[in-house]
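The next block holds one structure in the form of structure tokens; read it before the comments.
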Amino acid sequence: MATITNSDLHWLKSDLNVVQKQAVAETEGPVLILAGAGSGKTRVLTYRIAYLLANGLAEPKELLAMTFTNKAAAEMRERVARLIPNRMSGMWIGTFHSLFARLLRQEGQRLGFTKSFSIYDQDDQVTLIKTILKDFKLKQQDIPPRAVAHKISAAKNAMLTFKQLEQNQNNYLDVQLPAIFREYQRRLREMDAMDFDDLLLKPIELFERFPLILDYYSDKFRYILVDEYQDTNRAQYVVLKYLAGKHRNICVVGDDDQSIYRWRGAEIKNILDFEKDYPECKKFHLEQNYRSTQNILAAAHSVVKNNHQRHPKKLWTEKEKGNKVVLIQVDTELEEAKMVSDRIGYELKNGGYNFSNFAVLYRTNAQSRVLEEALRSESIPYIIVGGVKFYERKEIKDVLAYLRVLCNPSDAISLRRIINFPTRGIGSVTFGKIEAYAKKNNLSLLDALKNIDNVDTLQQNARQSIKRFYKMLNKYSQVKNDLLPAELASSLIEELGIIRIYKEEGTIESLTRIDNIRELLVAIAEFSKQQDKPVTLEGFLENVSLTTDIDNWDDKGNAVTLMTLHSAKGLEFSVVFIVGLEEGLFPLSRSSADPMELEEERRLFYVGATRAMNCLYLSWARSRRRYGGNNRSYTSRFIKELDASFIDVIHVGRNSIPRRRTFLPESEDQTMPDYENESQEQSELRVGMRVEHQTFGKGTILQIDPSSHHPKLVVLFDSAGKRRLVLPYAKLEIL
DNA sequence: AGTGCATATCTTTTT
DNA sequence: GATATGCACT
């Protein structure tokens, strides 16, 4: 065990507990830190960096510290700077995605990318896939673009080869997938673009094809630190293995109980197997929790302990027992929202809190609306994190697409977006002709525009429009580097007349669009101000691609925070509400079939519950409006798993008296329909049955196709004729 | 080519 | 219930 050598490091002694100190001082070799919720994991990471620097064990440029969110990275940076001022420059602290983007901007030329390659988000990805499907003459009904995007991403994250893909063919989509995938990659390259997953994969390709580059970076980074290691996917695992191969000073911090990104390719086994990969590793357990009261910890533990895929462990705290966790049953989601706002009022009065001490957490973004309305009607200030993200709004994407084309002329996806926005008479027919011309002559789209006179099938006014369009783009790309990004954007918006167009529309919606565009201009200017070096347009765009809502969330405003459980990871609040604890919603119904997914939902519950410092409220509604209709709901299995001794149960609502007591965690199971009550119902459907549909009326089932995740059926309606319906959405009633 | 209405599709979670 | 898409009409 290393000893702490530098007695000047007074902060190290005073601020850390015994295990934390050991973990900080164990600088050499692989280190696994299993850090429970609220156990001071960020503290250990930052002190470790400070320790390495203060003791002269490493130069800043030899450090690589990776997180999943920019917010976490920023916090780490800030806290290190507080411990050891002025020693940060040259240090690589950031998210996986942003650090590798940086690496690829430097080295990507070897792989055939320019320094200003575009980064495509999911939206762009889907757009690209749609065009491929069209060119392949595949119907979107048979091959949903989103499903393709998801499959491609999953394959990339798991680093499947084409061969493996070709072997794993369960349905029509799988058969088509390899060809689509190939074309997808080909076009990305052609457009000088990468998707999010490429940002992780391309470095691996780089390291494998150019050992000297690997040599350089694996030598450079003497010490590697990884936050939230439980959320790494296969690609991240591999790239880390390469980078740490030389010095083997890799320190990973994580908590298997908080792994909640399996759906994005995270492999919990990375953390569970770390000791196998690095047999000489030292392991530390941080199990003292500094955040929550005993009751909250115990309640959270009573749920998560039902998981099999985990290191057995139990957090402890020196804090008091505190209030019991409050479980509230309400009748409807409206009442639930009302309850939340009432309780916030109550706690404000009695607990000495302010608004920013509260968080309301939910499983799906769709749940935020009712909550929002209830809070608004009580004049409780709130902020929503997530949902429709600022940079995903149409008007913002439109403007950004212009900027992207200016930075990367090969970016056909963005070009397609702006070629007829604002409308300038270049419709799909014209665009198709240009595309065909470009393809035939092996030109980029932009070059095709340049040579538009050679496209003889075009109408005269379309041709003129294109010329004007091209001239404008050209003009801006010439001044791009002379203007500040904000100046360029605002003069572009001015010239395009976007604001004027929205003004003329005059709807409320278009007014908010104007606001958003103005906000974008402010954001560009702000971004330039924050950076110490001069900012390029490219720099801003990269920031946009890799920034999420949670990164901009700050706890300084005095408002209640509304967000998904996923977004809440890493945060803490005095009072936390977890709403919608109903079977089918949390856990989501899709997960109940797969034990692995179910365990992930349970971890998600654990993450949510352990955000709370003093008070934790859980609630469920006996009926909830989903997909328009009113659905009867049943208590989440997580509620049943809660150990009753840490819970107080409250019933709210007019008709909550009858129906026995609904919460009987330790007594006999109440008679409750199967968890999957929906599919239960639907599996009773048989060919030949008479059914009634909300809009189509009465009819007879002709065919049931139980394929894949969305079973379809064909119904012959008496008046509406033959219809194909997707089972989970067709609200059929059996007659 | 562009607009507006009807219809289809769908909701996890995000770097 | 909200949004994206498709179709008919101008």
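All values reported here derive from a predicted model rather than from experimental measurement. Order of the sequence lines sets the chain letters (A, B, ...), proteins ahead of strands, with each chain counted from 1. What you see below is based on every heavy atom in this structure, not just the backbone, and it leaves out hydrogens, waters and symmetry mates.
A residue-by-residue look at A:Thr430 and A:His566 shows that A:Thr430 has its nearest nucleotide of DNA chain B further toward the 5' end. Across the interface with DNA chain B, nearest-nucleotide mapping of A:Thr67 and A:Leu588 shows A:Leu588 to be the residue nearer the 5′ end.
Separation of the P atoms belonging to C:dA4 and B:dT13 is 15 Å when rounded to the nearest angstrom.
Using a cut-off of 4.0 Å between Lys/Arg side-chain N and Asp/Glu carboxylate O, A:Asp256 and A:Arg603 are scored as not salt-bridged. A salt bridge does not link A:Arg393 to A:Asp398: none of the charged side-chain nitrogens sits closer than 4.0 Å to a carboxylate oxygen.
Put simply, NZ on A:Lys569 is 16 Å from C1' on B:dT12, counting in whole angstrom units. Taking atom CD1 of A:Ile419 as the reference point, atom P of B:dA1 lies 12 Å away to the nearest angstrom. Whole-Å rounding puts the A:Gln464 CD to B:dA1 P distance at 15 Å. In this structure, A:Asp231 atom CG and B:dT14 atom C1' are separated by 11 Å, rounded to whole Å. With rounding to whole Å, A:Leu361 atom CG is found 19 Å from B:dT12 atom P. Taking atom OH of A:Tyr606 as the reference point, atom P of B:dT13 lies 24 Å away to the nearest angstrom. Atom OH of A:Tyr261 is separated from atom C1' of B:dT12 by 12 Å (rounded to the nearest Å). Going from atom CD of A:Glu601 over to atom P of B:dT11 covers 16 Å, rounded to whole Å.
Under the salt bridge (charged side-chain N to carboxylate O under 4.0 Å, His left out) criterion, A:Asp231 pairs with A:Lys569, sequence neighbours left out. Shown here are the side chain to side chain contact (heavy atoms under 4.5 Å, CB included) partners of A:Ala401, two or more places apart in sequence or in another chain: A:Ser414, A:Arg417, A:Ile418. Every residue two or more places apart in sequence or in another chain that forms a ring-ring contact (aromatic ring centres under 6.0 Å, His included) with A:His566 is listed here: A:Tyr261, A:Trp263. Taking A:Glu205 as the reference, A:Arg209 meet the side-chain hydrogen bond (donor to acceptor under 3.5 Å, both in side chains) condition, with sequence neighbours excluded. Qualifying salt bridge (charged side-chain N to carboxylate O under 4.0 Å, His left out) partners for A:Glu601, counting only residues two or more places apart in sequence or in other chains: A:Arg363. Not counting sequence neighbours, the partners of A:Phe586 by the ring-ring contact (aromatic ring centres under 6.0 Å, His included) test are A:Phe638.
When heavy atoms are screened at a 4.0 angstrom cut-off, A:Leu546 is found touching no nucleic acid atom at all. As judged by a 4.0 angstrom heavy-atom cut-off over every strand, A:Phe196 is placed among the base-contacting residues. Heavy atoms of A:Gln122 sit under 4.0 angstrom from at least one base atom.
Judged by ring centres under 5.5 Å apart and planes tilted less than 30 degrees, A:Trp263 stacks against the six-membered base ring of B:dT13.
In this model, the phosphate group of B:dT14 is not approached by any side-chain N or O of A:Thr69 to a distance below 4.0 Å at OP1 or OP2. Look at A:Thr564 and you'll find a side-chain N or O under 4.0 angstrom from OP1 or OP2 of B:dT14. An OP1 or OP2 oxygen of B:dT13 is reached within less than 4.0 angstrom by no side-chain nitrogen or oxygen of A:Ser567. An OP1 or OP2 oxygen of B:dT13 is reached within less than 4.0 angstrom by a side-chain nitrogen or oxygen of A:Asn365.
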Check: residues 369-376 of chain A side-chain donor-acceptor pairs under 3.5 Å, at least two apart:
| residue | atom | partner | partner atom | Å |
| --- | --- | --- | --- | --- |
| A:Glu372 | OE2 | A:Tyr382 | OH | 3.1 |
| A:Arg376 | NE | A:Tyr382 | OH | 3.4 |
| A:Arg376 | NH2 | A:Tyr382 | OH | 3.3 |

Tabulate protein N/O versus nucleotide N/O from nucleotides 2-4 of chain C, keeping only pairs under 3.5 Å, one per line.
none

Between the protein and nucleotides 2-4 of chain B, list the N/O to N/O atom pairs that are separated by less than 3.5 angstrom.
| residue | atom | partner | partner atom | Å |
| --- | --- | --- | --- | --- |
| B:dG2 | OP1 | A:Gly425 | N | 3.0 |
| B:dG2 | OP2 | A:Asn420 | ND2 | 3.1 |

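Remark: the backbone N or O of A:Asp124 is paired with a side-chain donor or acceptor of A:Asp121 at under 3.5 angstrom.
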